[in-house]
Amino acid sequence: MGEIILEARDVRYRYPHGMEAIRGISFHVRRGEKVALVGPNGAGKSTLLLMFNGMLRPDSGVLLFDRQPIRYDGKSLRELRRRVGFVFQNPDRQIIAPTVYQDVAFGPTNLGLPDGQVRAAVDAALRNVGLTGFERRPPHQLSSGEKKRVAIAGVLAMDPDLLILDEPTSNLDPAGSEDIMELLEELKANGKTIFISTHDVELAYPWADRVILLRGGEILQEDSPDVAFGNTDLVRKARLSVPVLLDLHQELERRGLKLPEKRPRTVLDMVNAIEQVSRKGASSPLYGTIHVCNVDETGQEGLSGWLSRHDGISLGAMGTRAKQRASDEGLTLDFSYGVIDKCILKALNGRSSLILTVGGMVQQVERRVTAFQEESGAEIPVREVERT
Ligand code: ADP
């Protein structure tokens with residue numbers, strides 16, 4: 001893990017004429033981490049996040065970005081806000097311009113970039129969030145999920161080091177939430193650090209590298225999700241619930257089932273744990289293959305030709321560009337979230353699959369399958385679709 005990028009040291013904040021919302025908080029976030037600040041309504045999540053982009057100033061304590069204390073003069077704040085992208089819970093608070101293009105261009109234009117560079121930054125940001133073609137649309141006519149993407153694109157156009165998102169999936173339907181979490185996964189794979197707040201434990205549990213449990217303006221615990229959410233007493237104290245998979249794991253253990261020690265983060269982990277107990281001594285099964293295709297390097301002919309030769313294969317896409325490509329070619333996706341795990345589950349049942357993706361995500365598939373192989377002993381073949 002990288003060096004510390006964000007840090008709070010004994011920070012306190014009281015709203016004018018209000019109660020103390022943040023009561024002596026210390027923690028840090030490292031470069032390249034995905035951290036979730038988890039707590040019930042009123043815990044102080046928004047207040048804490050707003051301090052990291054200088055919108056609120058602590059009464060005492062120190063906040064540091066990139067190891068420098070945050071300063072509050074205009075020039076320092078502009079620089080901070082360029083490097084720390086902040087996505088509000090309510091996109092209507094963020095989106096201000098009459099068209100998507102103008103909205104996303106707002107930040108880079110304010111930086112004084114020449115028109116050509118502004119255009120390039122907007123194009124790249126819209127491509128990243130899967131909204132190419134939306135440039136002329138008025139933001140108020142978009143769906144909640146699309147608005148959220150416009151807000152994220154506006155932040156990405158500044159090429160920040162760190163993205164802070166306050167309740168990124170609030171008001172989104174399940175598919176919209178999955179899309180946003182997948183987008184965050186992709187941004188992390190591209191080197192961004194991601195810090196979110198949420199009260200949704202099921203969302204934070206499989207996603208975060210680390211969670212910080214917050215209640216009443218204080219940190220209750222800070223650890224890997226399986227440890228933090230595994231502390232049932234604390235979780236209840238925080239008025240949260242234990243993630244279902246963890247609850248099930250604990251329940252099975254209480255009933256004397258000797259499961260592998262590693263706590264399951266995903267359905268795949270859980271299936272693997274149960275299979276390891278139930279399949280001892282059984283003959284080794286035949287696994288399906290996971291094919292991976294980098295859509296940036298495979299032409300339409302190549303992809304459709306490959307699919308016509310592999311009838312009945314399950315199809316998944318990871319990342320916005322890959323999903324866009326699937327949609328452009330009229331392909332129906334079987335999986336669009338948690339794709340690698342779902343393809344591993346298929347492979348365990350002897351079924352093959354194809355994952356459409358881009359760039360560094362190809363290696364991510366290989367890494368995840370190798371890690372699973374080491375844990376489970378299941379030798380699932382991964383093959384890259386040849387470039388055309
Ligand atoms: P969360 O994001 O976890 O729901 P908040 O940071 O919004 O929590 O709120 C933390 C506490 O601060 C709550 O008790 C809330 O009522 C209070 N609070 C939030 N905003 C204001 C405000 N503008 N003025 C006074 N009190 C506020």
Side-chain angles (χ1 to χ4, degrees), residues 6-29 33-65 70 72 77 80-81 84-95 144 147-148 151-152 155 162-172 176-177 180-181 184 193-205 207-208 210-223 225 228-229 231 233-243:
L6 203 64
E7 190 176 354
R9 291 188 191 152
D10 199 18
V11 167
R12 292 181 176 270
Y13 181 80
R14 180 188 295 276
Y15 281 100
H17 315 296
M19 54 173 287
E20 193 172 34
I22 299 297
R23 304 175 178 196
I25 279 185
S26 302
F27 70 94
H28 62 254
V29 175
E33 258 191 320
K34 287 182 298 184
V35 179
L37 183 64
V38 188
N41 291 337
K45 303 183 294 297
S46 303
T47 307
L48 189 58
L49 293 188
L50 286 169
M51 286 200 269
F52 281 113
N53 131 317
M55 275 176 277
L56 296 178
R57 189 171 178 166
D59 298 330
S60 66
V62 188
L63 291 166
L64 298 99
F65 172 68
I70 292 179
Y72 295 87
L77 282 179
L80 178 73
R81 287 170 190 164
V84 178
F86 194 98
V87 180
F88 287 93
Q89 179 171 355
N90 178 0
D92 292 330
R93 204 174 152 187
Q94 189 138 14
I95 297 174
S144 307
K147 278 188 196 167
K148 188 64 98 181
I152 296 176
V155 159
L162 168 75
L163 269 91
I164 295 183
L165 300 100
D166 194 6
E167 298 274 0
T169 61
S170 64
N171 297 325
L172 300 185
S177 301
I180 292 292
M181 296 317 283
L184 298 185
T193 307
I194 318 264
F195 188 29
I196 69 166
S197 77
T198 182
H199 61 262
D200 186 343
V201 292
E202 298 297 345
L203 181 123
Y205 180 59
W207 177 84
R210 209 147 52 78
V211 296
I212 299 171
L213 297 188
L214 195 71
R215 195 200 65 161
E218 290 172 323
I219 292 181
L220 288 179
Q221 189 165 4
E222 185 190 343
D223 218 314
F229 290 127
N231 188 336
D233 289 344
L234 271 188
V235 169
R236 302 236 183 282
K237 208 170 154 195
R239 295 191 33 235
L240 298 168
S241 53
V242 175

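These values consider heavy atoms only, across backbone and side chains, with no hydrogens, waters or symmetry-generated copies. Bear in mind that the values here come from a model prediction, so they are computed numbers and not experimental data. When a ligand or atom number is given, it counts from 1 through the structure's own listing order. Index from 1, following the sequence.
- Ring orientation note: the planes of F229 and Y205 are nearly perpendicular, at an angle over 60° on the 30°/60° scale.
- What sits closest to atom 8 (O) of ligand 1 on the protein, heavy atoms only, is G44 N, 3.1 Å.
- Scanning the protein heavy atoms around atom 6 (O) of ligand 1, the nearest turns out to be T47 OG1, 2.5 Å.
- With contacts defined as side-chain heavy-atom distances shorter than 4.5 Å, the pair Q94/K147 does not qualify.
- Within ligand 1, the atoms closer than 4.0 Å to a non-hydrogen atom of P40 are 3 (O), numbered from 1 in the order shown.
- At distances below 3.5 Å, at least one donor-acceptor pair connects side-chain atoms of R215 with backbone N or O atoms of K237.
- No side-chain donor-acceptor contact under 3.5 Å links Q221 to the backbone of V235.
- With respect to atom 13 (C) of ligand 1, the closest heavy atom belonging to the protein is G42 O, 3.8 Å.
- Put simply, the side chain of S26 gets close to the backbone of D10: a donor and an acceptor are under 3.5 Å apart.
- Set against the non-hydrogen atoms of A43, the atoms of ligand 1 under 4.0 Å away are 1 (P), 3 (O), 8 (O).
- The option from M51, M19, E167 that lies nearest to atom 14 (O) of ligand 1, judged by heavy atoms, is M19.
- Heavy-atom contacts of N41 reach the following atoms of ligand 1: 4 (O) (cutoff under 4.0 Å).
- At a 3.5 angstrom cut-off on N or O pairs, A21 does not count as close to ligand 1.
- The single protein non-hydrogen atom nearest to atom 22 (C) of ligand 1 is Y15 CD2, 3.4 Å, given as residue, atom name and distance.
- Listed by chain and residue number, nothing satisfies the salt bridge (charged side-chain N to carboxylate O under 4.0 Å, His left out) test with R57 (two or more places apart in sequence, or in another chain).
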Please report the C-alpha distance between M55 and F88 in whole Å, then the side-chain angles of each, then the deciding distance to 0.1 Å, and finally whether the side chain to side chain contact (heavy atoms under 4.5 Å, CB included) criterion is met. CA-CA 12 Å; M55 275 176 277; F88 287 93; 3.7 Å; yes
Quiz: residues 41-48 side-chain donor-acceptor pairs under 3.5 angstrom, not counting sequence neighbours:
from	atom 1	to	atom 2	distance (Å)
K45	NZ	G39	O	2.9
K45	NZ	P40	O	2.9
S46	OG	D166	OD2	2.8
T47	OG1	Y15	OH	2.8

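- Heavy-atom distances between S46 and ligand 1 reach below 4.0 Å in at least one pair.
- Distance screen at 4.0 Å: atom 16 (O) of ligand 1 has no protein heavy-atom neighbour inside the cut-off.
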